[in-house]
Amino acid sequence: MKKTNQKKVLLGMSGGVDSSVAAYVLKEQGYDVIGVTMQIWQDEKAEENTPESSCCSLSAVEDARRVASHLDIPFYVMNFKDYFRETVIDYFVREYRAGRTPNPCIACNRYVKFEELLRRALQLGCDYVATGHYAIIDQNSSTGRYLLKKSVTDRKDQTYALYQMTQEQLQRTLMPLGNYHKEEVRRIAQELNLPVATKPESQEICFVPDNQYGKFIEAYDGQITETGLFKDQDGHTVGTHKGIIHYTVGQRKGLGLAMGKPVYVTDILPAVNEVHIGNPENLMAHGLLANDLNFIPWDTLLTRHPVTIKVRYNASPVPGVANITEDGKLEVLFNEPQKAISPGQSVVLYDGDVVIGGGIIESRIR
RNA sequence: UGGGAUAUAGCCAAGUCGGUAAGGCAGCGGACUUUGACUCCGUCAUGCGCAGGUUCGAGUCCUGCUAUCCCAG
């Protein structure tokens with residue numbers, strides 16, 4: 001029952017369960033679906049030892065191809081390596097070198113999936129780009145603005161990683177899994193006999209398959225990582241650190257300090273190459289400042305706004321207020337102090353299920 | 001070679017009147033997780049510097065030795 005004027009969709013297929021089922025759902029909804037896997041980082045021969053542990057590994061290509069074949073949709077592999085390196089890996093390395101903690105998935109979504117992949121989709125004459133993200137794209141009937149909303153499964157909701165999307169991108173994007181639960185998706189995959197039905201969840205940084213991101217950074221930019229001093233809250237030297245790229249604000253493990261009690265990284269000071277440590281209470285913050293902002297229901301925040309706040313991917317939203325400072329930064333104040341606000345991570349603001357927007361954390365307000 | 005301390009796992013460290021080796025760090029395994037972290041669970045000294053002795057029983061008491069630290073020379 002194919003219509004001649006049906007909409008064409010370019011679907012990013014990772015080879016995982018989610019994007020595979022997304023292909024099926026889109027097809028069922030009457031879209032003309034084209035599957036594509038983005039090659040983003042692999043050396044041609046490194047894939048042997050990288051099992052299906054990541055959302056974008058190369059072994060994924062063959063899985064995606066089989067799924068596409070199974071569903072009888074056209075399938076292509078596109079080379080995004082240069083673009084990915086510039087917008088994700090370079091950013092990732094630069095941020096760590098600067099003493100911050102980047103979130104590469106957010107950069108990947110922002111630049112690779114919804115900018116470059118979308119651009120190529122439009123070039124190919126597609127109407128939309130689609131992904132298997134758990135999120136809902138909606139339109140406000142009165143303002144006409146496109147909205148990003150949490151998926152029906154709060155546990156799998158991925159809006160946190162998507163807050164940088166623009167109106168133009170949202171208008172051209174489909175996320176067919178937003179109304180599905182993970183269990184339904186797996187069930188559909190099994191009923192369809194998809195070859196990837198039981199693949200595990202993706203995890204860790206896709207371009208650092210052994211999870212040794214410090215080693216990756218050093219191998220990538222070839223720079224020497226200088227060791228430096230650990231200092232406590234009073235400024236006393238308590239040890240030597242392995243180089244600031246190895247630490248994140250809030251980190252406890254791997255410090256190698258025997259203080260007789262658990263201690264945490266409270267601050268990373270690249271200017272003096274110091275890592276400061278302290279007790280859990282030294283991690284608390286009343287708020288934060290963020291830049292590199294994006295807002296979805298509006299162009300910006302015009303007034304002080306009550307919000308719920310996520311300061312990291314796996315964080316329960318907490319209540320607070322947000323407003324824009326005189327110099328254009330986003331200021332977020334929590335109702336209750338929060339711990340381990342990590343510069344470089346993103347803060348995302350919600351009003352109920354609706355993503356208001358967010359930015360990249362610059363500093364905390366104690 | 002006068003005095004005083006301390007020697008417990010890779011590292012810090014608790015161990016009360018002798019009663020059958022806390023805890024933390026690191027490590028290892030796992031859960032969680034499309035980032036880094038956090039968190040949670042499990043595991044990690046048949047042995048307490050060495051050698052003897054007392055005792056039903058010693059990391060804990062006694063003797064000797066060794067090592068390190070501190071204060072004086």
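Each chain gets a letter, A, B and so on, in the order the sequences are listed, and its residues count up from 1.
B/C38 takes the syn form, because its glycosidic angle lies no more than 90° either side of 0.
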Which donor-acceptor pairs under 3.5 Å do the side chains of residues 356-366 of chain A make with protein atoms, sequence neighbours left out?
{"residue": "A/E362", "atom": "OE1", "partner": "A/N291", "partner atom": "ND2", "Å": "2.5"}
{"residue": "A/E362", "atom": "OE2", "partner": "A/K329", "partner atom": "NZ", "Å": "2.9"}
{"residue": "A/R364", "atom": "NH1", "partner": "A/N282", "partner atom": "O", "Å": "3.1"}
{"residue": "A/R364", "atom": "NH1", "partner": "A/L283", "partner atom": "O", "Å": "3.3"}
{"residue": "A/R364", "atom": "NH1", "partner": "A/M284", "partner atom": "O", "Å": "3.2"}
{"residue": "A/R364", "atom": "NH2", "partner": "A/T266", "partner atom": "O", "Å": "3.1"}
{"residue": "A/R364", "atom": "NH2", "partner": "A/N282", "partner atom": "O", "Å": "3.4"}
{"residue": "A/R366", "atom": "NH2", "partner": "A/D267", "partner atom": "OD1", "Å": "2.8"}
{"residue": "A/R366", "atom": "NH2", "partner": "A/D267", "partner atom": "OD2", "Å": "3.1"}

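With a cut-off of 3.5 Å on both pairing distances, the Watson-Crick or G-U wobble partner of B/U68 is B/A5. Of all nucleotides present, only B/G27 satisfies the Watson-Crick or G-U wobble test against B/U43, with each distance under 3.5 Å. Of the nucleotides present, B/U63 is the one that pairs with B/A51 by Watson-Crick or G-U wobble criteria, both distances under 3.5 Å.
Checking B/U39, B/G36, B/U35 against the side-chain heavy atoms of A/R252 singles out B/U39 as nearest. Listed nucleotides: B/C32, B/U35, B/C38. Nearest to the side chain of A/K253: B/C38. Proximity note for A/Q251 (side chain, C-beta onward) versus B/A37, B/C32, B/G36: the nearest is B/A37.
Around the NZ atom of A/K150, the shell of radius 6.0 Å holds more than 12 heavy atoms that belong to other residues, nucleotides or ligands.
Remark: the separation of the C1' atoms in B/U8 and B/G49 is 10 Å, to the nearest Å. A distance of about 23 Å separates the P atoms of B/C32 and B/C25, rounded to the whole Å. The P atoms of B/G15 and B/G52 are separated by 28 Å, rounded to the nearest whole Å.
For an aromatic pair to be called close, the ring centres must be under 6.0 Å apart, and A/Y220 with A/Y96 fails this.
Rounded to whole angstrom, the span from the OH atom of A/Y247 across to the P atom of B/A26 amounts to 11 Å. The CD1-P distance, from A/I360 to B/G36, rounds to 16 Å in whole Å. Atom pair A/L255:CG and B/C11:P shows a separation of 19 Å (rounding to whole Å applied).
Salt bridge annotation for A/E183-A/R187: absent, with no cationic side-chain nitrogen under 4.0 angstrom from a carboxylate oxygen.
For the residue pair A/E331 and A/T325, no side-chain donor N or O sits within less than 3.5 Å of a side-chain acceptor on the partner. When only modelled atom types and interatomic distance are considered, A/T225 and A/R97 share a side-chain donor-acceptor pair under 3.5 Å.
Within a heavy-atom distance below 4.0 Å of RNA chain B, the residues of residues 308-315 of chain A found are A/R312, A/Y313, A/N314.
Toward the 5′ end of RNA chain B lies the nearest nucleotide of A/L162, the other residue of the pair A/L162 and A/K339 mapping further downstream.
Using the six-membered ring where Trp is involved, A/F92 and A/F216 have ring planes that are perpendicular, over 60° apart on the 30 and 60° scheme.
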